[in-house]
Q: 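Take a look at this one; I'll ask things after.
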Amino acid sequence: MKITVTPGRKIMGRLAKGEDLLAALSKVALEEDITLGEVRAIGAVSQARVGYYHQTERQYYWLDLKRPLEITSLIGNISLKDGEPMVHAHVTLSDGEGRAFGGHLAEGTLVFACEFTIQEYQSATPLVRQMDDPTGLFLWPSE
């Protein structure tokens, strides 16, 4: 499925120290009524939780990183799930020795400092996540 989108608002801001990164980004989307968009962020976290989806077992495995890390890249999208805006983001983090960790951003990632950008999009057709039986994931429709 492909939809045509036009750019809407661009919102930039800073999240507060100690906030949960995913929950805080989701809160911005909800408060700003953003139902379709892209999200990016940089900064640092005091701890992180990232996931890896095991394709054969069809379940997430979680990696808890209980130490300060830099957000070298956070990229994601915003669409609808169960009638609410949902932020789906992947993050790459690095430690003091330059080692990188990454995966599906999960709640439990606590902000030390974070600056974000959300690009809203407008479309006549909403993107609503639904269960995709072949993958076991909530994805955008394929048709």
Side-chain angles (χ1 to χ4, degrees), residues 1-5 7-121 123 125-143:
M1 172 181 193
K2 297 179 198 173
I3 65 169
T4 301
V5 300
R9 299 171 293 164
K10 186 174 276 192
I11 297 167
M12 300 175 77
R14 177 180 159 198
L15 302 178
K17 182 179 178 184
E19 284 190 287
D20 183 283
L21 180 54
L22 182 58
L25 291 171
S26 297
K27 182 179 175 187
V28 171
L30 185 63
E31 289 175 348
E32 295 292 332
D33 195 29
I34 298 171
T35 59
L36 185 60
E38 289 179 75
V39 60
R40 292 180 287 139
I42 57 172
V45 298
S46 57
Q47 68 178 42
R49 187 163 208 237
V50 295
Y52 166 79
Y53 187 73
H54 192 290
Q55 296 174 11
T56 304
E57 295 178 13
R58 297 171 69 134
Q59 70 174 8
Y60 277 97
Y61 286 91
W62 303 103
L63 177 62
D64 291 303
L65 303 162
K66 302 284 187 185
R67 59 186 175 274
L69 299 160
E70 290 286 318
I71 302 170
T72 57
S73 177
L74 182 149
I75 187 165
N77 58 52
I78 301 168
S79 56
L80 292 172
K81 182 178 180 224
D82 300 327
E84 297 285 327
M86 178 192 151
V87 174
H88 177 205
H90 289 198
V91 64
T92 304
L93 306 157
S94 69
D95 66 12
E97 296 179 21
R99 291 177 295 212
F101 307 89
H104 181 87
L105 177 65
E107 289 193 5
T109 301
L110 302 182
V111 170
F112 178 77
C114 181
E115 299 166 340
F116 69 89
T117 302
I118 295 176
Q119 173 64 63
E120 177 185 47
Y121 292 108
S123 175
T125 306
L127 281 178
V128 179
R129 291 187 175 276
Q130 58 190 5
M131 177 53 71
D132 178 68
D133 290 329
T135 65
L137 295 167
F138 282 91
L139 300 174
W140 294 337
S142 61
E143 297 181 33

Q: State whether the side chain of Asp20 and the backbone N or O of Gly108 hold a donor-acceptor pair below 3.5 Å, judged by distance alone.
A: yes
Q: Return the orientation label for the Tyr61 and His54 ring planes: parallel under 30°, perpendicular over 60°, tilted otherwise.
A: perpendicular
Q: If we count only N and O atoms by modelled type, under 3.5 Å, do the side chains of Tyr53 and Gln55 hold a donor and an acceptor together?
A: no
Q: Any idea how Tyr60 and Trp62 line up, ring-wise: parallel (<30°), tilted (30 to 60°), or perpendicular (>60°)?
A: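 The rings of Tyr60 and Trp62 lie parallel, inter-plane angle below 30°.
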Q: Quick check against the 3.5 Å criterion: does Asp82 have a side-chain atom that pairs as donor or acceptor with the backbone of Glu84?
A: no
Q: Say you draw a straight line from CG of Leu22 to CE of Met86; how long is it, rounded to the nearest 0.5 Å?
A: 8.0 Å
Q: State, with a plain yes or no, whether a side-chain heavy atom of Ile78 is found less than 4.5 Å away from one of Leu36.
A: no
Q: Please walk me through it: do Ile3 and Trp140 pass side chain to side chain contact (heavy atoms under 4.5 Å, CB included)?
A: CA-CA 11 Å; Ile3 65 169; Trp140 294 337; over 6 Å; no
Q: Which heavy atom in Pro126 sits nearest to a heavy atom in Leu80, and how many Å separate them?
A: CB-CD1, 4.3 Å
Q: List the atom of Arg9, the atom of Gln119, and the distance in Å for their closest heavy-atom pair.
A: O-NE2, 3.4 Å
Q: Are side-chain heavy atoms of Thr117 and Lys10 found at a separation under 4.5 Å?
A: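 Answer yes - side chains close enough.
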Q: Using every non-hydrogen atom in the two residues, find where Cys114 and Ile71 come nearest and quote the distance to one decimal.
A: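 So the minimum-distance heavy-atom pair works out to SG-CD1, 4.4 Å.
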Q: Taking the side chain as C-beta and beyond, is there a heavy-atom pair between Thr109 and Val91 under 4.5 Å?
A: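 Counting from C-beta outward, Thr109 and Val91 never come under 4.5 Å.
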Q: Can you give me the closest heavy-atom contact between Pro85 and Leu30, atom names plus distance?
A: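 Of all heavy-atom pairs spanning Pro85 and Leu30, the closest is CD-CD1, 3.8 Å.
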Q: Provide the closest heavy-atom pair for Ala23 versus Glu107 in the form atom of the first, atom of the second, distance.
A: CB-OE2, 4.2 Å
Q: Could you measure the distance from the CD atom of Glu143 to the CE atom of Met1? Nearest 0.5 Å is fine.
A: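 Reported to 0.5 Å precision, the distance equals 10.0 Å.
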Q: At their closest point, which heavy atom of Thr72 faces which heavy atom of Ser94, and how far apart are they?
A: CG2-OG, 3.4 Å
Q: Quick one: CZ on Arg49 to CG on Leu21, what's the gap to the nearest 0.5 Å?
A: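 These two atoms lie 14.5 Å from each other.
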Q: Atom CE of Met12 and atom CZ of Arg40: how far apart are they, to the nearest 0.5 Å?
A: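 Spacing of CE (Met12) from CZ (Arg40) equals 7.5 Å.
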Q: Got a second to check how far Ile34's CD1 is from Ile11's CD1, nearest 0.5 Å?
A: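 So the CD1 of Ile34 and the CD1 of Ile11 are separated by 3.5 Å.
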Q: Any chance you could measure Glu120, atom CD, to Glu32, atom CD, to the nearest 0.5 Å?
A: 8.5 Å
Q: Is any side-chain heavy atom of Leu15 less than 4.5 Å from a side-chain heavy atom of Phe116?
A: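 Of all side-chain heavy-atom pairs linking Phe116 with Leu15, at least one is under 4.5 Å.
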Q: Please check if the number of heavy atoms outside Arg129 that lie under 6.0 Å from its CZ is greater than 12.
A: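 Count over threshold, so yes.
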Q: Does Phe112 have more than 12 heavy atoms from other residues, nucleotides or ligands lying within 6.0 Å of its CZ?
A: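 No.
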